[in-house]
Amino acid sequence: MATHTDKLAIEGGAPVRTQPLPYGRQWLDDADVDAVVAVLRSDWLTTGPQVAEFEAAFAAAVGAPHAVAVSSGTAALHAAMYAAGVGPGDEVIVPALTFAASANCAVYQGATPVFADVSPGTLLLAPTEVERLLTPRTRAVVSVDYAGQPCEYDRLRTIARDRGICLVADACHALGGRYREEPVGTLADLTAFSLHPVKHITTGEGGVVTTADPALATRMRTFRNHGITADHARRAAQNSWFYEMVDLGYNYRLTDFQCALGLSQLRKLPGWVARRRALARRYDGALAELPGVRPLAVRPEVEHAYHLYVIELDSEVLSASRADVFAALRAEGIAVNVHYIPVYWHPFYRDRFGMTPGLCPVTEEAYARMLSLPMYAGMSDADADSVVEAVDKVVHHYAR
Ligand SMILES: *Cc1c(COP(=O)(O)O)cnc(C)c1O
């Protein structure tokens with residue numbers, strides 16, 4: 001056990017861990033591998049029986065009437081924008097503190113993203129900001145369930161309903177979360193999930209959109225298949241060559257062997273979400289004792305899915321910058337990360353839309369203070385304790 005007086009690894013001391021701990025990673029077992037191999041030996045590599053089976057299981061897991069599987073979380077967001085009817089001239093309100101894909105999906109459809117600030121403490125899309133930014137051109141709002149905590153859906157749904165706009169949840173962090181007992185996946189008109197390896201369950205690359213509206217689900221199934229209405233299986237069943245391309249779509253299909261992996265992973269989801277919550281409680285308890293670090297606020301009406309465990313550093317208490325703490329923890333063998341650089345700071349948004357720093361002050365202040373600690377279901381209690389040990393060592397070193 002390192003003590004506060006031990007020399008930091010970044011200054012030549014012994015690191016807390018010799019085997020570095022990543023911030024997130026997948027967990028695959030023999031059942032997952034067997035499920036994929038069985039499909040690789042079958043007749044269907046793509047658009048076969050596993051797709052519909054995975055969609056049905058995913059829909060059931062989140063309590064949504066429909067789930068549409070696509071090739072990535074980004075494709076899921078794009079399909080949701082398409083289904084929502086977002087197009088040129090429209091505005092889409094997006095929080096500034098998110099992964100670029102949450103905003104890019106609006107740009108794909110020719111719309112303009114309008115960046116909204118987040119609430120201090122939770123760093124979730126602020127409903128008052130959404131109200132302030134509404135215009136007659138607003139077509140949709142993207143609510144990002146940042147870190148895995150569902151947004152304030154009571155207020156966001158009221159705003160969307162009153163104004164007749166579409167609420168699209170970017171729930172890439174929040175599979176397995178709940179808001180007032182209702183599962184993520186049923187809280188917005190459309191909900192996008194990612195199946196990337198750092199997310200709750202994985203298919204390598206992959207994504208899903210859930211909705212209660214059968215017409216929107218049908219639109220997205222056409223969209224992911226070039227805009228073609230009759231699928232391959234139906235054509236085969238009807239013994240016909242006929243199909244029609246009714247709109248411009250994409251090839252955003254997810255393969256059968258990926259869906260087989262998704263089905264196998266989905267069985268483990270409840271246990272994995274519970275494990276993430278247990279790790280978060282362990283962090284909460286231990287970090288409360290340390291100077292200059294504060295976990296994000298969690299509202300009582302949510303069940304957090306903990307894709308990320310984010311802390312904010314207090315510059316009044318610590319003499320080091322976030323960059324210094326980041327480098328010191330990395331040297332201790334803890335692969336901390338930062339989620340995210342404000343989206344409108346990226347050159348694309350700066351140059352294309354003329355966006356400038358200062359647009360969303362809460363986001364920018366939070367960005368300057370934040371660190372994501374390792375968080376994934378495969379972490380042991382000892383792994384989590386080594387993170388706390390490293391944070392303890394580093395913040396005591398830098399405490400004023
Ligand atoms: C991961 C993620 C995405 C994109 O998902 P991909 O599957 O990598 O395309 C979008 N939004 C958020 C908030 C994410 O974390």
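Please read all numbers here as calculations on a predicted model, not as lab measurements. Each ligand, and each atom within it, is numbered from 1 in the order the structure gives.
Taking each heavy atom of P95 and V118 in turn, the nearest pair found is CB-CG1, 4.2 Å.
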Side chains of residues 261-272: which donor-acceptor pairs under 3.5 Å do they make with residues two or more places apart or in other chains?
| unit_1 | atom_1 | unit_2 | atom_2 | d |
| --- | --- | --- | --- | --- |
| S264 | OG | D32 | OD1 | 2.6 |
| Q265 | OE1 | T202 | N | 2.9 |
| Q265 | NE2 | W27 | O | 2.9 |
| Q265 | NE2 | D32 | OD2 | 3.1 |
| K268 | NZ | D29 | OD1 | 3.0 |
| K268 | NZ | D29 | OD2 | 3.0 |
| K268 | NZ | D32 | OD1 | 2.8 |
| K268 | NZ | D32 | OD2 | 3.0 |

Please report, to 0.1 Å, the donor-acceptor pairs under 3.5 Å made by any side chain of residues 119-131, with sequence neighbours excluded.
| unit_1 | atom_1 | unit_2 | atom_2 | d |
| --- | --- | --- | --- | --- |
| T122 | OG1 | L124 | N | 3.3 |
| E129 | OE1 | D117 | N | 3.0 |
| E129 | OE1 | R132 | NH2 | 3.2 |
| E129 | OE2 | R132 | NE | 2.8 |
| E129 | OE2 | R132 | NH2 | 3.1 |

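Ion pairing between R17 and E389 fails under the 4.0 Å rule for side-chain N and carboxylate O. With respect to K393 and D6, no salt bridge is recorded, no charged nitrogen being found less than 4.0 Å from a carboxylate O.
Within 4.0 Å of ligand 1, contacts by protein heavy atoms are made from S72, G73, T74, L77, T98, F99, A101, S102, D170, C172, H173, S194, K199, G206, Y340.
Within the structure, the side-chain hydrogen bond (donor to acceptor under 3.5 Å, both in side chains) test picks out the following pairs touching residues 204-222 (sequence neighbours left out): E55-R221.
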